[in-house]
Amino acid sequence: MSGPTVYCPVYSPLFGALGCAAAIALSCFGAAYGTAKSGVGIATMGVLRPDLVLKNALPVVMAGIIGIYGLVVAVLLSSGLSRDMTLFASFIQLAAGLGQGLSGLAAGYAIGVVGDAGVRGSAQQPRLYVGMILILIFAEVLGLYGLIVGLILNTRANGASCT
Amino acid sequence: MALYGSIYAGYGFGTLVTVVIAYGILDLIVNNRWFNIAYLIETPSPYFWASMGIGLCIGLSVIGAAWGILLTGVSIVGAAVKTPRIRTKNLISIIFCEVVAIYGLIVAIVFSSKLSNAIPVSGWSREALYAGYAMFWAGFTVGMANLACGICVGVVGSSCALADAADPQLFVKVLVIEIFGSIIGLFGLIVGLLMTGRVTPFK
């Protein structure tokens, strides 16, 4: 195995690992915010309508799925980390992780706020439940866009060798 | 509220100036070079600039879209408690916000197709450096435009839902305002694609 060159420097895995960390950490921030904010709404709503609590736990599940998107991207990126990495591969991994992380953060935020207002509203108006689900699905798909970009960038970084 | 925010901006600005001047003094002492901006810009690999552009593009676009969905969705579910008829029509506002994220996705995929592993023989060529800088700022442009567009469409969509709940005739009229708002994202997309139109893939 050849030593470090200008285009495969020693510090190259720093950026790849940073991307991997950003993917999971920022997605978890989004998932945690979504779970917490909508959980407060469910708990408040459940005081007067305890029969609706489990049905309205849907926003919490969707926020958890955002965390799973981040986990998928982080696991894929971590399998591409190695001691000798080209700067090409490591910067692409940084882009993939950062893109997925920011997307997951934003999607989790949106799921939390819409879920909070949605469960409070759908306890008062049962016809609102389907509308809330539709809006939550649109917010969930935003996390999916980050996953798509992360996967596409990761496949571009595969196969870059240091010779 | 704004007054309290501006107090903390003073702390941030002072910290930033201190850090920049301290870095400049340390660089002068260690490397005998006083604020050589060209060194800071030329030395990182162009893959750094290009990848940060792609990451910012998708990240900021999705932040704008999520912010818009957040603003609009809260108003829709709040107003629909008393007037449930508005919930299906006002999903159009949510779709406008989603389209903003799709713009960012398209640009990120187009830029990522221009990346290719290349180990140049002696230093980076000017085309490669141009590609890196162009992709960074194009991605930043698209991301910021979509961030602004998403927030704009979200605020207008929120007002659209509330107006529709009050008077059904107002829906189409406020929707026209929302269409004007969603053009902002298209502007960013056009400028971003124009900037990288002459970028050749790395080789």
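Quick note on labels: first sequence line is chain A, next is B, and so on, each numbered from 1.
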Exercise for the section: Kindly say whether A:Val40 contributes a backbone atom to a donor-acceptor pair with the side chain of A:Thr44 at under 3.5 angstrom? Expected result: yes
Handout entry: Under 3.5 Å: donor-acceptor pair, side chain of B:Asn31, backbone of B:Asp27
Key = no
Handout entry: Any residue of residues 52-88 of chain B which, by heavy atoms, sits under 4.5 Å from chain A
Key = B:Met52, B:Ile54, B:Gly55, B:Ile58, B:Gly59, B:Val62, B:Ile63, B:Ala65, B:Ala66, B:Ile69, B:Leu70, B:Gly73, B:Val74, B:Ile76, B:Val77, B:Ala80, B:Val81, B:Pro84, B:Arg87
Exercise for the section: Find the one option among A:Gly121, A:Ala107, A:Ala106 whose heavy-atom pairs under 4.5 Å with chain B are most numerous. Expected result: A:Ala106
Fill in the blank from the handout: Honestly, the part of A:Arg156 sitting under 4.5 Å from a heavy atom of chain B is side chain
Problem - A:Leu94 versus chain B, the contacting section by heavy-atom distance below 4.5 Å - result: side chain
Problem - Per-residue contact mode, A:Ile148 against chain B (heavy atom under 4.5 angstrom) - result: side chain
Problem - Nearest-0.5 Å distance, CD of residue A:Glu140 to OH of residue A:Tyr69 - result: 4.5 Å
Exercise for the section: Please state whether the rings of A:Tyr109 and A:Tyr33 are parallel, tilted or perpendicular, taking 30° and 60° as the class boundaries. Expected result: parallel
Practice task
Check ring-ring contact (aromatic ring centres under 6.0 Å, His included) between A:Phe29 and all other residues, then give those that pass, not counting sequence neighbours.
Solution key: none
Problem - Check: A:Ser78 side chain, A:Val75 main-chain N or O, donor-acceptor pair, under 3.5 Å - result: yes
Exercise for the section: Go through the atoms of B:Leu115 and report whether side chain, backbone, both or neither lie under 4.5 Å from a heavy atom of chain A. Expected result: both
Handout entry: Side chain / backbone / both / neither for A:Leu153 at chain B, heavy atoms under 4.5 Å
Key = side chain
Handout entry: Option passing side-chain contact (heavy atoms from CB on, under 4.5 Å) with A:Gln100 (candidates A:Val72, A:Leu147, A:Leu151, A:Leu105)
Key = A:Leu147
Problem - Donor-acceptor pair, side chain of A:Ser12 and main chain of A:Cys8, under 3.5 angstrom - result: no
Handout entry: Note, A:Val119 side chain near A:Ser38 side chain (heavy atom, < 4.5 Å)
Key = no
Problem - Between A:Ser103, A:Gly131, A:Gly112, the one whose heavy-atom pairs under 4.5 Å with chain B are most numerous - result: A:Ser103
Practice task
May I ask you to test the A:Met132-A:Ile135 pair for a side-chain heavy-atom distance under 4.5 Å?
Solution key: no
Practice task
Could you tell me which residues in residues 128-140 of chain B have at least one non-hydrogen atom under 4.5 Å from a non-hydrogen atom of chain A, sorted by residue number?
Solution key: none
Problem - Donor-acceptor under 3.5 Å (B:Thr196 side chain, B:Val199 main chain) - result: no
Sequence neighbours excluded and cut-off under 3.5 Å, please list the side-chain donor-acceptor pairs for residues 180-190 of chain B, or say none.
residue  : atom : partner  : partner atom : Å
B:Ser182 : OG   : B:Ile179 : O            : 3.1

Problem - Donor-acceptor contact below 3.5 Å, side chain B:Tyr103 vs main chain B:Ala145 - result: no
